[in-house]
There are 2 protein chains.
Amino acid sequence: MENPNDDAEMSIELEMGSWLGRNLRRATNAVFGQFASEFAPFNIRPALYLALSIIERFPGSSGAELSDYMTVPRANTVVLLKELEGRGLIKRAPNATGRRAQAISLTEAGHALMIELHAAHERHVAYLESVMSEAESNFLNALLQRLWKPQAGSSPPSEA
Amino acid sequence: MENPNDDAEMSIELEMGSWLGRNLRRATNAVFGQFASEFAPFNIRPALYLALSIIERFPGSSGAELSDYMTVPRANTVVLLKELEGRGLIKRAPNATGRRAQAISLTEAGHALMIELHAAHERHVAYLESVMSEAESNFLNALLQRLWKPQAGSSPPSEA
DNA sequence: TATTGTTATACTCTATAACTATA
DNA sequence: TATAGTTATAGAGTATAACAATA
């Protein structure tokens, strides 16, 4: 039997209110999957598009700043930057103030690609909008942020 | 500077409505992280707890059935079952109807552990309830399911 | 032939430790 | 000493291909 017990399965889903984590991950994968199908022609993953978008918006940022924007460990952005640089989409110039911090910016090819990526992104957003209303989306985002964003007053004042 | 531009960062988060994917992943990780901290003493990951819970509820299931319940490829449940069996939490008996399908059930140790795991799970749920109300949680779950669950009428009737 | 169990592999993002080079 | 950049490794869940054994 390929669906042993629909009622039972449903009860599993509903009773264990805390399958929230699972629900979250599946939704994540679904959204990323739709994103991937939209961006597949450009071979761009979500993380790459985010990095490119931030670089586009804040050209001249350093890798550490990019990491801050992405709220991701530096070690990870390094890999992204390496890949983007290898593909000729970004360039890293020695910062004016010194040689350590790198001033990252899009190349011409990067700018050109971003035009297409933004279009793909709009299609992705359109898909999401077909699934839920803007009000629902806003509420969803607010609830999600409540789960991971440090809430004001939720942590005691720094002891340092 | 460790937080280069709070306003800019916020604008990134808000303008790109489609950072929903990112928002989802971070929320997922946060929820799983809280789960992990609660289950750390037992060295049980979410997937293991889910598998154990299903086996507890539907003893005698086969691996394929468990895969159906979890909506996960068989290849993955095999690994989970192997780990759980290795830890003495489940047993696999030759099914009465034949030798292929395995009748999976909890061992005594498995049942004993589940008592503690359920308690840990309740603490996890309590945490989630401290973050959002039940109404919000229900709405969140509904929206999430809309993102990944096949919607009624969203796919054409089977052509088979 | 179809299904079950299995192994291996790959992919996503995230996270940590540890090293180098620079300021 | 502190920061930036880097490398390597690991962890979580998910997914696919491919094979053997069984029905």
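All values reported here derive from a predicted model rather than from experimental measurement. Residue numbering restarts at 1 for every chain, and letters A, B, ... go by the order of the sequence lines.
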* To do: Output the single nucleotide from dC13(C), dT14(C), dT16(D) whose closest atom is nearest the side chain of Arg45(A).
  =>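 Nearest listed nucleotide: dC13(C).
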* To do: Return the nearest nucleotide to the side chain of Ser62(B); candidates are dT12(C), dG5(C), dT16(D).
  =>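 Closest nucleotide to the Ser62(B) side chain: dG5(C).
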* **Stretch residues 75-83 of chain B: residues that reach within less than 4.0 Å of DNA chain C through a heavy atom** =>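 Residues of residues 75-83 of chain B under 4.0 Å from DNA chain C: Ala75(B), Val78(B), Lys82(B).
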Round to a whole Å and report the spacing from [atom1] of [X] to [atom2] of [N].
{"X": "Leu24(B)", "N": "dT14(C)", "atom1": "CG", "atom2": "P", "answer": "12 Å"}
{"X": "Met70(A)", "N": "dT14(C)", "atom1": "CE", "atom2": "P", "answer": "7 Å"}
{"X": "Trp148(A)", "N": "dA15(C)", "atom1": "CH2", "atom2": "C1'", "answer": "16 Å"}
{"X": "Leu48(B)", "N": "dA12(D)", "atom1": "CG", "atom2": "C1'", "answer": "11 Å"}
{"X": "Arg26(A)", "N": "dG13(D)", "atom1": "CZ", "atom2": "P", "answer": "12 Å"}
{"X": "Leu84(A)", "N": "dT6(D)", "atom1": "CG", "atom2": "P", "answer": "13 Å"}
{"X": "Asp68(B)", "N": "dT4(C)", "atom1": "CG", "atom2": "C1'", "answer": "12 Å"}
{"X": "Leu50(A)", "N": "dT14(C)", "atom1": "CG", "atom2": "C1'", "answer": "14 Å"}

* **Candidate pair Leu143(B) and Leu143(A), rule side chain to side chain contact (heavy atoms under 4.5 Å, CB included), full reasoning** => CA-CA 11 Å; Leu143(B) 288 178; Leu143(A) 288 178; 6.0 Å; no
* For Ala47(B) and for Arg92(A), find the nucleotide of DNA chain D with the closest heavy atom, then tell me which residue's nucleotide is more 5'. =>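 By nearest-heavy-atom nucleotide position, the 5'-most residue is Arg92(A).
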Counting only side-chain nitrogens and oxygens, does [X] get under 4.0 Å of the OP1 or OP2 atom of [N]?
{"X": "Arg25(A)", "N": "dT14(D)", "value": "no"}
{"X": "Gln102(B)", "N": "dA21(D)", "value": "no"}
{"X": "Arg22(A)", "N": "dA12(D)", "value": "no"}

* Please work out which of the three classes, parallel, tilted or perpendicular, describes the rings of Phe35(A) and Phe39(A), given edges at 30° and 60°. => parallel
* To do: Answer yes or no: is there an ion pair linking Arg92(B) with Glu85(B), defined by an N-O contact shorter than 4.0 Å?
  =>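 Yes.
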* To do: Decide, yes or no, whether a salt bridge links Arg45(A) with Glu83(A) under the criterion of side-chain N to carboxylate O below 4.0 Å.
  =>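 Counted as a salt bridge, because a side-chain N and a carboxylate O are separated by less than 4.0 Å.
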* Asked: Looking at dG5(D), does its base get a donor-acceptor pair with the side chain of Arg74(A) below 3.5 Å?
  ->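 For Arg74(A), whose side chain was compared with the base of dG5(D), there is a donor-acceptor pair (under 3.5 Å).
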* Donor-acceptor side-chain pairing of Trp148(B) and Asn23(A) below 3.5 angstrom ->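 A donor-acceptor contact under 3.5 Å links the two side chains.
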* To do: Verify side-chain hydrogen bond (donor to acceptor under 3.5 Å, both in side chains) between Tyr49(B) and His118(B), making sure each step is shown before the conclusion.
  => CA-CA 9 Å; Tyr49(B) 180 61; His118(B) 287 318; 2.7 Å; yes
Which atom pairs, one a donor and one an acceptor, fall under 3.5 Å between side chains of residues 73-81 of chain B and the rest of the protein, sequence neighbours left out?
from: Thr77(B); atom 1: OG1; to: Ser67(B); atom 2: OG; distance (Å): 2.7
from: Thr77(B); atom 1: OG1; to: Arg74(B); atom 2: O; distance (Å): 2.8

